[in-house]
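One structure is given below, encoded as structure tokens.
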Amino acid sequence: MAIVGLSWIVATVLGALPYLLSGSSNKIAVRLFEHQDHAPQIYGDEVSPLTMAEYAVVKPLVRAGAKGLSREALKEQYQATYAVITKGEAPKQNYGEVFEELRELPHWRSALIAPGEDPHAPLDRSEHYRIRPVPMNIADAIFESQSGFSTTGATVIADLEDPISLPHCVLFWRSSTHFLGGLGIIVLFVVILGQGSAGKALMRNEIPGPSKEGSHSRMQHTAWTFAGLYCGLNLVLTILLWILGMNVFDAICHAFGTLATGGFSTYNSSLGHFYQVDPVSGAWIEYVVILFMTVAGTNFTLLFFLMIGQAHRLVADIEWRYYMGIIVGVTIIVMAFGMVYDDFIVDPETSAVSEFFFALRYGLFQVVSVITTTGYGTHDFDQWNSFGRGVLFLLMFVGGCAGSTGGGVKVIRHILFHKILFLQLEKSYHPSVVRPLRLGGKPVDDPDLQNNILIYFSLILVLFVFGWMAVVTFEPDLTWGTTEEHIEHKLIDSATAVAATLNNVGPGLGIIGATQNYANFTWWTKLLFTALMMIGRLEIFAVLVLFMPRFWRSR
């Protein structure tokens with residue numbers, strides 16, 4: 001356990017190096033808020049509020065990101081933004097004059113770049129007005145690295161499509177950390193440790209329910225079997241995505257993110273990008289990814305039995321039946337409420353039949369994405385009705401099957417937890433009755449299982465509550481914005497952020513929703529989320545024991 005826990009920490013640090021050494025950027029130096037009279041931030045520090053003309057210049061540049069705007073584009077957007085602010089008035093100053101006057105102010109010179117000023121700028125932006133990108137710091141790099149290895153998929157990078165801010169080699173490394181994390185640091189070390197007691201203990205932590213009937217007795221052979229199956233599924237999905245229209249780079253990266261249940265994409269709009277490019281192939285890509293996300297959330301022992309022609313074992317498994325039942329049931333509920341509240345209407349002329357198929361595709365994708373803790377997005381579920389968003393929030397605490405690449409609590413634990421609660425309730429009014437814990441009609445022999453399940457849920461609750469209160473207490477309100485409407489969302493957003501990182505889901509609600517990221521959180525909150533991601537991926541015990549002095553004593 002010490003080897004696995006410490007190695008995971010070392011891997012996280014080493015995995016952060018490509019982000020730091022490449023100078024990759026995760027955001028731009030200037031952050032504006034809802035109104036021009038509120039002081040903007042430059043490199044995280046507040047400066048003096050902007051005039052209307054200055055705001056009209058900076059606002060389009062912030063929207064453009066690190067790429068910036070050409071002279072013609074900035075002129076057009078400056079005039080349009082100024083007219084909106086002043087309700088129709090034309091600007092009295094030229095945009096170039098306002099830009100130069102702004103650069104005379106303290107702090108702004110280091111943040112703004114004029115055309116031709118940067119001799120090392122790429123040709124496509126050397127003559128652009130730009131805001132300087134901010135290189136990732138240590139907290140950002142460690143967060144992104146841990147998010148990849150833990151297959152969480154949360155990100156601090158605002159623009160994935162800028163090859164200058166985020167080179168393609170780093171983008172590929174980012175997805176590769178999913179592949180390595182999905183393969184499982186625990187399974188990898190079971191291979192190394194072989195059949196010793198440590199290897200068996202680690203495998204039991206990874207598969208928290210009763211041992212699956214018919215699984216291999218030799219843990220090393222089992223680990224190699226899982227690894228081969230995992231790599232084979234990645235190869236099959238890569239080929240299918242390539243056939244459906246992705247280029248090889250995108251197909252490999254999205255296959256890594258799918259089978260690892262990670263969710264790192266190569267586009268800002270995640271898998272929704274491919275539907276925007278081509279609705280037909282994009283829809284097929286989504287359905288294929290839904291299938292493979294569902295497979296990735298299934299116990300790999302059952303997948304092995306399926307591969308050798310013993311499909312009845314898959315259907316007979318109680319955990320898998322509950323897993324599929326939750327997916328189907330929650331999808332129906334989300335679709336029903338979404339159609340009532342018009343969450344899936346693309347335009348006012350959408351027919352009832354079209355709305356149903358949109359609801360099926362969007363609803364099923366998001367439900368599978370959340371329950372398997374993948375975190376891919378094809379629709380902004382943060383705009384759904386409150387009930388639909390609440391259901392997705394609760395789904396974060398479910399997770400996939402034990403022995404899968406998915407994170408979360410795992411379905412088998414929920415099944416056992418509810419059975420244990422029922423037995424304890426019965427015992428309260430029938431104290432003399434001794435009834436064994438049964439799973440699939442068979443008694444569970446492990447005498448410590450009930451305590452382990454209850455302790456696990458208690459730890460999850462404690463970690464969630466303390467993490468939530470820490471973020472609510474110490475994260476500044478300015479992270480959410482300046483309006484009361486945004487600040488009122490702090491409680492919910494903080495809760496979903498903690499749940500999404502602890503359960504390795506990735507996106508949450510509000511400022512970390514499907515179209516947002518974690519870039520604006522303070523460095524210490526990012527490190528807190530990093531710790532939660534590692535604890536959630538390593539099943540809590542493998543991490544927490546590292547901080548117990550008794551663990552390190554010889555006796």
Side-chain angles (χ1 to χ4, degrees), residues 148 151 153 155 159-161 168 171-172 174-176 178-179 182 230-298 303 324 327-328 331 334-335 338 343-344 346 350 353-384 392 400 404-406 505-507 513-515:
T151 69
T155 185
D159 190 358
L160 298 170
E161 300 176 27
H168 269 64
L171 198 60
F172 182 75
R174 181 172 175 265
S175 294
S176 298
H178 270 346
F179 176 81
Y230 175 77
C231 293
L233 288 170
N234 271 278
L235 178 61
V236 171
L237 180 56
T238 299
I239 294 173
L240 287 176
L241 294 178
W242 175 68
I243 292 173
L244 290 172
M246 286 191 187
N247 59 47
V248 176
F249 178 79
D250 289 339
I252 293 174
C253 290
H254 285 89
F256 286 174
T258 302
L259 268 305
T261 65
F264 276 160
S265 178
T266 54
Y267 295 95
N268 296 329
S269 52
S270 191
L271 276 175
H273 166 84
F274 300 100
Y275 185 81
Q276 297 168 8
V277 173
D278 185 343
V280 176
S281 66
W284 278 107
I285 287 172
E286 290 175 21
Y287 285 123
V288 169
V289 171
I290 288 172
L291 173 62
F292 277 83
M293 285 192 297
T294 306
V295 169
T298 301
L303 294 179
M324 294 304 299
I327 290 176
V328 173
T331 300
V334 166
M335 287 176 59
D343 291 336
F344 306 112
V346 179
T350 301
V353 176
S354 297
E355 183 186 1
F356 173 81
F357 283 106
F358 280 128
L360 175 63
R361 183 162 57 85
Y362 290 141
L364 178 61
F365 190 98
Q366 295 308 147
V367 168
V368 174
S369 180
V370 172
I371 192 174
T372 60
T373 71
T374 306
Y376 275 141
T378 58
H379 195 247
D380 188 4
F381 56 80
D382 199 38
Q383 301 302 315
W384 289 3
L392 291 184
S404 70
T405 59
V505 177
T515 60

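Side-chain atoms are counted along with the backbone in the values below, which use heavy atoms only and exclude waters and symmetry mates.
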request  = Would you mind reporting whether V289 and L241 have side-chain heavy atoms less than 4.5 Å apart?
outcome  = yes

key: side chain to side chain contact (heavy atoms under 4.5 Å, CB included) between L237 and V288, worked out   = CA-CA 8 Å; L237 180 56; V288 169; 3.7 Å; yes

key: E286: partners by salt bridge (Lys or Arg N to Asp or Glu O under 4.0 Å), with sequence neighbours left out   = R361

inquiry  = I'd like to know if the side chain of Q366 and the backbone of F381 have a donor-acceptor N/O pair within less than 3.5 Å.
reply    = no

query = How long is the span from the OG1 atom in T331 to the CG atom in L360, to the nearest 0.5 Å?
reply = 8.0 Å

inquiry  = Tell me if a side-chain donor or acceptor on H254 pairs with a main-chain N or O of D250 at a distance below 3.5 Å.
reply    = yes

key: Heavy-atom side-chain contact between L303 and V295 under 4.5 Å   = yes

request  = Report the distance from atom CD1 of I243 to atom OG1 of T238, rounding to the nearest 0.5 Å.
outcome  = 11.0 Å

ask   = What pair of heavy atoms forms the shortest contact from M293 to T372, and how long is it?
value = O-CG2, 3.4 Å

inquiry  = Distance check, rounded to the nearest 0.5 Å: S269 atom OG versus D380 atom CG?
reply    = 11.5 Å

inquiry  = side chain to side chain contact (heavy atoms under 4.5 Å, CB included), that's the test. Do T266 and H273 meet it? Break it down for me.
reply    = CA-CA 9 Å; T266 54; H273 166 84; over 6 Å; no

ask   = Is it true that a side-chain atom of S369 and a backbone atom of G375 form a donor plus acceptor pair closer than 3.5 Å?
value = yes

ask   = So which heavy atom on Y267 is nearest to which on L160, and how close?
value = O-CD1, 3.5 Å

query = If every non-hydrogen atom of T405 is compared with every non-hydrogen atom of T151, which pair is closest and at what distance?
reply = O-OG1, 4.0 Å

task = Starting from the C-alpha separation in whole Å, work towards a yes-or-no answer on ring-ring contact (aromatic ring centres under 6.0 Å, His included) for F249 and H168.
result = CA-CA 9 Å; F249 178 79; H168 269 64; 5.1 Å; yes

inquiry  = In terms of relative ring orientation, are Y362 and F344 parallel, tilted or perpendicular, with 30° and 60° separating the classes?
reply    = parallel

key: Nearest atoms (heavy-atom pairs only) where I285 meets F274   = CD1-CB, 4.0 Å

With F179 via ring-ring contact (aromatic ring centres under 6.0 Å, His included) - residues at least two apart = Y230, F256

key: 4.5 Å side-chain heavy-atom contact, L392 and W384   = yes

query = Just how far is it from atom CG of N234 to atom NE2 of H178, taken to the nearest 0.5 Å?
reply = 11.5 Å

query = In Å and rounded to the nearest 0.5 Å, what is the CG to CG distance from L259 to L235?
reply = 10.5 Å

key: Intermediate values then yes/no, side chain to side chain contact (heavy atoms under 4.5 Å, CB included), L364 and I327   = CA-CA 8 Å; L364 178 61; I327 290 176; 4.1 Å; yes

query = Does F264 reach the side chain of C253, with side-chain heavy atoms less than 4.5 Å apart?
reply = no

task = Please name the pair of heavy atoms, one in Y376 and one in G257, separated by the smallest distance, quoted to 0.1 Å.
result = OH-CA, 3.5 Å

query = Of all heavy-atom pairs between S265 and L271, which one has the smallest distance, and what is that distance?
reply = OG-N, 4.3 Å

ask   = Any donor and acceptor pair, going by atom type alone, linking the side chain of S404 with main-chain N or O of G400 inside 3.5 Å?
value = no

ask   = Is atom CZ of F357 surrounded by more than 12 heavy atoms (other residues, nucleotides or ligands) closer than 6.0 Å?
value = no

